[in-house]
Structures are given as structure tokens and as C-alpha cells.
Student: 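My questions will all concern the structure given below.
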Amino acid sequence: MANQATASTDSNFVVKAFKNYFRGAGQVMFQCNALTGMFFLAGIFWGAYQSHMPQVAWGAAVGLLASSIAGYPLHGNVNDADEGLWGFNGILVGCAFPTFLENTWQMWIALIFCSAMTTWVRHGFNNVMAPWKINSLTFPFVFLTWIFLFAARMMPAMAPVSLSTPELTETFTGTLDTSFHSLVTYWLKGLSQVFLINSWVTGLLFLIGLAVCSRWAALWAAVGSALSLAIAIVFEAPASDISAGLFGFSPVLTGIAIGCTFYTVDIRSACWALAAIVATVFIQAGMDAMMMPFGLPTLTGPFCVTTWLFLLPLYQMDKKTTVDHSFWHPRKKS
């Protein structure tokens, strides 16, 4: 009987660890759902291998693992671990490092360390932001990745390989294909770029993964990418960025956050979410220009800034009473 009880305990631990791991991937888009996380990872692997950059897929897997276990030695909030809240910043670090840095063993050490740091930094940022009833969102990933990318310019062992050359803002030119097929492709890439993947198939897998957990989240992700695409075209943003989905990923996250995560779904919160999506596009463009002299990507910084701006007023649009804004509020567990 003792052996059976031990085996059962071990089995439960493995299942729990498995779920927590994949929930970490799902929490990038606010979904506390292991199946959603599996769809996200499947999309990452598809897009990375399709682009002949398998290191991005494996970086995501390693970064997710490193950040998911980083809180245990410091006796972090186990509830956060169970909900995948330790993992979502780390998986983004895991996607970013192999995308922007040379694939060396030193880069992998930095990736693991930085991914682990996101768990600790997230807790600290949340403590600082708690009085304003907001949380750090993906800013631990953004902040630490910026620092490590700056460091890479001083450390040839993990030299930048796809960072832009520091320069002042210039006038962009280019012709955009606006056929229906191309527009759908750009729209889906707006979703895939949440994880720095340039693939419409990945975007479709992400949309399916969202729908598995929350149809509202899937809807707002779709709306966020579509509306941001329309605005970018109307205001003649750089064609290369539009076609790669680079104006879509932050609005996707903003749409989910404001549209159905931090506010109850109704007509007022829907209007507020649409306004937030529009704002994100302009904040994205502004931050792109601001970061050019440093040669750094904005990552999900525009999403963080916009979501904070639209949560700080604390408008009472039937705000969810169960939301503790000092932490990332997950969707229903699964």
C-alpha cells in the first residue's frame, strides 16, 4: 500500500508539474490553461523550424523551464507557480535571445540566467506597483532583455546578429501588397509575433489555443490584430513592419487585457478596449522611433505602457471584483 501511495503521489506531482509548465506558456496571453500553452508551444516550434531557426523553439522551451522553477529556491508564491505565472516572462526571453543574439553556448547560459531572473524581478516589480493596483505584465521580460541586449554589444561571445544598427529616425518607403490573402497573412502574423515568430500558421495555432480556453480572448486577439493592421495601413506605417505583423502583437495583448481580463465584458469595456488598441498602435510607432538610436526592439513594451495607462484611471466599468491588480489575474485553470 505504501508503494502504491508513493507512486500515486509521484504521478500527481508529474501531472501537476506538466500542467504548470504549459500554463506558463498560456499566461503570456492571460490563459491559465495547459492545453492553450501546448498550442502556443506547437506554434512556436512550427514557426521556428519553418524559418530555419530551431534555436528559437528550444530557447522558448528552456526559458519557460528555467523561469518556472526559479521561484522555488526563494520560496516564492506557490499559487503563482501553480497558475503558470512564473513562466510567461521566461518563455519570451527564450524566444528573444536566439532571435537577436548569436547561437553560442554563452548565449544559452545568459538565456537561462535571464529567464530565471524574470521570476524574481516580476515579484519585485509587482510589490512596487501594488499601490497603484496594476502589475508588471511582461515588463520583466522587456526590461531584462533590453539590458542583456545592451550587454551583448560589449560581449562578442553572444554578439548581436539581427539587432538593427543604432540610427536616427528616417523616412520609410515601400509598397504593401493589400490583396485579401496578404491582409489575412499580415493579420495572423500579428498574433504570431507575440512570441517573435513570423508565421501565419503559428498565428492560427495561437488563435485556436486561445479559443480552447476563452472565446472572448480569441475574439479580442483577432480584433486587436485586425484593428492595428487597419490603422497601420491608413497611417502609412513601414510596409515591411506591417507585412511581418510587427504592429499587431502588442495590440493583441492589450485587447485581451482590457477587453476581457481586467474588466467585465460589456459594451463600455469593449469601447475602452478598442480605444486601448488604437492607442497601442501609436505608442508602438513612437517607441519604435524612440528605440532606433539604441538599436533595440520595443518587444512588448508598448503593450505594457498602454495597459498601464488604461488601468491607472481605475474607471468603474463593472471591474472584476475578483481581480487583484498586484498580480496577473489568470483565466480559468485547466
Side-chain angles (χ1 to χ4, degrees), residues 5-28 30-34 37-38 40-41 44 55-98 101 104-130 134-152 155 157-158 195 299-300 304 324-330 333:
T6 301
S8 177
T9 300
D10 292 342
S11 176
N12 290 337
F13 174 80
V14 171
V15 171
K16 182 178 179 180
F18 179 87
K19 285 187 174 182
N20 292 351
Y21 178 81
F22 286 103
R23 284 172 181 164
Q27 286 287 11
V28 173
F30 301 93
Q31 308 307 303
C32 185
N33 186 291
M38 292 176 69
F40 287 2
L41 274 172
I44 292 169
Q55 66 269 27
V56 174
W58 292 107
V62 171
L64 177 57
L65 179 62
S67 58
S68 295
I69 65 177
Y72 288 107
L74 300 182
H75 303 288
N77 188 333
V78 177
N79 288 332
D80 281 6
D82 291 344
E83 293 168 355
L85 296 176
W86 288 353
F88 67 92
N89 279 289
I91 189 174
L92 292 173
V93 169
C95 290
F97 274 40
L101 302 178
T104 63
W105 65 267
Q106 293 96 330
M107 183 277 291
W108 286 97
I109 291 176
L111 184 156
I112 293 169
F113 181 65
C114 184
S115 297
M117 279 189 68
T118 62
T119 302
W120 313 327
V121 170
R122 172 185 171 271
H123 185 70
F125 280 175
N126 282 348
N127 287 342
V128 172
M129 295 179 173
I134 58 175
N135 67 68
S136 58
L137 305 172
T138 59
F139 193 66
F141 149 66
V142 173
F143 174 75
L144 289 172
T145 300
W146 280 344
I147 297 299
F148 275 74
L149 292 181
F150 268 131
M155 297 178 174
M158 57 174 193
F195 289 89
L299 305 172
T300 55
C304 295
D324 177 1
H325 286 282
S326 64
F327 296 98
W328 187 301
H329 180 66
K333 278 190 185 181

Student: Taking the side chain as everything from C-beta on, heavy atoms only, tell me whether Lys16 gets closer than 4.5 Å to Asp82.
Tutor: yes
Student: Only counting residues at least two apart or in another chain, list the ones meeting ring-ring contact (aromatic ring centres under 6.0 Å, His included) with Phe113.
Tutor: none
Student: Excluding sequence neighbours, so at least two apart, what forms side-chain contact (heavy atoms from CB on, under 4.5 Å) with Val121?
Tutor: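 side-chain contact (heavy atoms from CB on, under 4.5 Å) list for Val121, sorted by chain: Met117, Phe125, Pro140, Leu144.
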Student: Taking only residues two or more places apart in sequence, or in another chain, which ones meet Ala96 in a side-chain contact (heavy atoms from CB on, under 4.5 Å)?
Tutor: Phe100, Phe141, Thr145, Leu196
Student: Using the test side-chain hydrogen bond (donor to acceptor under 3.5 Å, both in side chains), find all partners of Trp58 that sit at least two apart in sequence or belong to another chain.
Tutor: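 If we apply the side-chain hydrogen bond (donor to acceptor under 3.5 Å, both in side chains) test to Trp58, skipping adjacent residues, the hits are Tyr49.
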Student: If you take all heavy atoms of Gly87 and Ser68, which pair is closest and at what distance?
Tutor: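 Of all heavy-atom pairs spanning Gly87 and Ser68, the closest is CA-OG, 3.7 Å.
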Student: If you measure from the Lys or Arg side-chain nitrogens to the Asp or Glu carboxylate oxygens, is any gap between Arg122 and Asp80 under 4.0 Å?
Tutor: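 Result for this pair is yes, salt bridge flagged.
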Student: If every non-hydrogen atom of Arg23 is compared with every non-hydrogen atom of Glu83, which pair is closest and at what distance?
Tutor: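 That closest heavy-atom pairing would be CB-O, 3.9 Å.
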Student: Under the ring-ring contact (aromatic ring centres under 6.0 Å, His included) rule, collect the residues that match up with Tyr21, sequence neighbours excluded.
Tutor: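 Residues passing ring-ring contact (aromatic ring centres under 6.0 Å, His included) with Tyr21: none at all.
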Student: Are Phe97 and Trp108 close enough that their ring centres sit under 6.0 Å apart?
Tutor: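 Between Trp108 and Phe97, which both carry aromatic rings, the centre distance is not below 6.0 Å.
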Student: What pairs with Trp146 under side-chain hydrogen bond (donor to acceptor under 3.5 Å, both in side chains), at least two apart in sequence or on another chain?
Tutor: none
Student: Report yes or no: does Ser67 contribute a side-chain atom to a donor-acceptor pair with the main-chain N or O of Thr119 at less than 3.5 Å?
Tutor: no
